[in-house]
Colleague: 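To start, I am sharing the structure in question, which I have written as structure tokens.
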Amino acid sequence: MTRRLPLIAIMAALLLSGCAGIRDHRGYVMDKTLAAAIQPGVDNKDSVQKTLGRPTFGGQFADSDWYYLSRDTSAIAFRNPRVSKQDVLHVRFDAAGNVAAVDSTGKEKIASISPLRKSTPTLGRKRSFFDEIFGNIGMVGSGGMGAAQPGGGQGQ
């Protein structure tokens, strides 16, 4: 019995080591001192890039917004990672390239979206299986998009 006790303890330790937590950092390494040094009306794109480096990503439609994203996550075994800390620094520039505003947010802005059903609700009427199959019968030439145009329908 005494010989099996260390073997059981080693086996239990090996099994439990598979459940060890995994911590991960992704994105920008945020330095609060450097981020606080960016001042609206004083800095421009060049000085921001020299101070903070290249942004994590830019604005979707214009290059007037720069985002610096930093995220720490933790996970146990096969579970989905959970965000433990997040910092987003949003630097907005005016048309001349000068800093117009600096905003900082944390993990309170993370939206949790969970689907309710297996289908997505849409606007409009609900069609049955037979409406989908037989719904277009009699629609050809009834004045809709497929109707014949006056004068031969060739768009003259």
Side-chain angles (χ1 to χ4, degrees), residues 8-133 135-136 139-140 143-147 149 153-156:
I8 292 172
I10 291 172
M11 292 294 283
L14 287 174
L15 288 173
L16 289 175
S17 68
C19 296
I22 300 169
R23 293 183 181 194
D24 191 20
H25 175 83
R26 293 186 181 194
Y28 183 73
V29 178
M30 189 70 68
D31 186 355
K32 300 283 185 183
T33 307
L34 291 177
I38 305 299
Q39 298 296 321
V42 176
D43 289 306
N44 58 20
K45 285 186 179 183
D46 291 334
S47 65
V48 170
Q49 188 167 1
K50 287 178 184 174
T51 304
L52 299 178
R54 292 180 55 200
T56 307
F57 57 92
Q60 182 71 27
F61 301 108
D63 196 31
S64 61
D65 293 318
W66 284 3
Y67 296 92
Y68 294 89
L69 175 67
S70 172
R71 180 179 278 184
D72 294 330
T73 59
S74 61
I76 297 174
F78 298 105
R79 301 178 101 183
N80 288 332
R82 295 182 184 240
V83 177
S84 57
K85 182 182 176 187
Q86 175 174 303
D87 293 315
V88 178
L89 182 68
H90 175 202
V91 182
R92 190 173 18 207
F93 299 99
D94 59 10
N98 298 320
V99 175
V102 178
D103 301 319
S104 181
T105 59
K107 85 177 207 182
E108 70 276 354
K109 292 284 189 172
I110 297 174
S112 177
I113 301 171
S114 59
L116 298 175
R117 296 180 289 275
K118 290 185 178 182
S119 64
T120 304
T122 59
L123 298 175
R125 66 181 191 165
K126 187 174 180 177
R127 296 180 65 154
S128 69
F129 174 74
F130 293 108
D131 287 337
E132 290 290 335
I133 292 176
N136 288 334
M139 297 299 272
V140 177
M145 290 183 68
Q149 296 178 357
Q154 296 297 325
Q156 301 174 14

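Residues take their numbers from the sequence shown, with the count starting at 1. In this text, all values refer to a predicted model and were calculated from it rather than measured experimentally.
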Colleague: Which residues satisfy the side chain to side chain contact (heavy atoms under 4.5 Å, CB included) test with Ser64, sequence neighbours excluded?
Modeller: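 Partners of Ser64 under the side chain to side chain contact (heavy atoms under 4.5 Å, CB included) test: Ala62.
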
Colleague: Test of understanding: with side-chain hydrogen bond (donor to acceptor under 3.5 Å, both in side chains), list the residues that count as partners of Thr33, not counting sequence neighbours.
Modeller: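 In terms of side-chain hydrogen bond (donor to acceptor under 3.5 Å, both in side chains), with neighbours along the sequence ignored, Thr33 is linked to no residue.
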
Colleague: Output every pair passing salt bridge (charged side-chain N to carboxylate O under 4.0 Å, His left out) with a member in residues 42-54, not counting sequence neighbours, ordered by first then second residue.
Modeller: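 Pairs touching residues 42-54 that pass the test: Lys45-Asp63.
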
Colleague: Quick check against the 3.5 Å criterion: does Thr56 have a side-chain atom that pairs as donor or acceptor with the backbone of Leu69?
Modeller: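 Looks like yes, one N/O pair under 3.5 Å.
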
Colleague: I need the full list of salt bridge (charged side-chain N to carboxylate O under 4.0 Å, His left out) pairs touching residues 21-42, with sequence neighbours left out, sorted by first then second residue.
Modeller: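 Pairs touching residues 21-42 that pass the test: Asp24-Arg26, Lys32-Asp87.
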
Colleague: Please enumerate all residues that pass ring pair (Phe, Tyr, Trp, His ring centres under 6.0 Å) together with Tyr28, with sequence neighbours excluded.
Modeller: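 Result, ring pair (Phe, Tyr, Trp, His ring centres under 6.0 Å) vs Tyr28: Tyr68.
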
Colleague: Which residue pairs pass the ring-ring contact (aromatic ring centres under 6.0 Å, His included) test when at least one of the two sits in residues 31-53, sequence neighbours left out?
Modeller: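 Sorted result for residues 31-53: empty, none.
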
Colleague: Let me check something: any side-chain donor-acceptor pairs from residues 92-102 under 3.5 Å, sequence neighbours excluded? List them with distances.
Modeller:
| residue | atom | partner | partner atom | Å |
| --- | --- | --- | --- | --- |
| Arg92 | NH2 | Asp103 | OD2 | 3.3 |
| Asp94 | OD1 | Ala96 | N | 3.2 |
| Asp94 | OD1 | Gly97 | N | 3.1 |
| Asp94 | OD1 | Asn98 | N | 2.8 |

Colleague: Restricting to salt bridge (Lys or Arg N to Asp or Glu O under 4.0 Å), what partner residues turn up for Glu132, sequence neighbours left out?
Modeller: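 Partners of Glu132 under the salt bridge (Lys or Arg N to Asp or Glu O under 4.0 Å) test: Arg127.
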
Colleague: Keeping to residues at least two apart or across chains, list the ring-ring contact (aromatic ring centres under 6.0 Å, His included) pairs with something in residues 37-65.
Modeller: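 Residue pairs with at least one partner in residues 37-65: Phe57-Tyr67.
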
Colleague: For the residue pair Leu89 and Met30, establish whether any side-chain heavy-atom pair is separated by less than 4.5 Å.
Modeller: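 SC-SC contact between Leu89 and Met30 confirmed.
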
Colleague: Give every residue pair that meets the side chain to side chain donor-acceptor pair (under 3.5 Å) criterion with at least one member in residues 74-86, sequence neighbours excluded.
Modeller: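 Every side chain to side chain donor-acceptor pair (under 3.5 Å) pair that includes a residue of residues 74-86, provided the two are not neighbours, is Arg71-Gln86.
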
Colleague: Who are the side chain to side chain contact (heavy atoms under 4.5 Å, CB included) partners of His25, not counting sequence neighbours?
Modeller: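 By the side chain to side chain contact (heavy atoms under 4.5 Å, CB included) rule, His25 matches Val29, Ser70, Asp72.
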
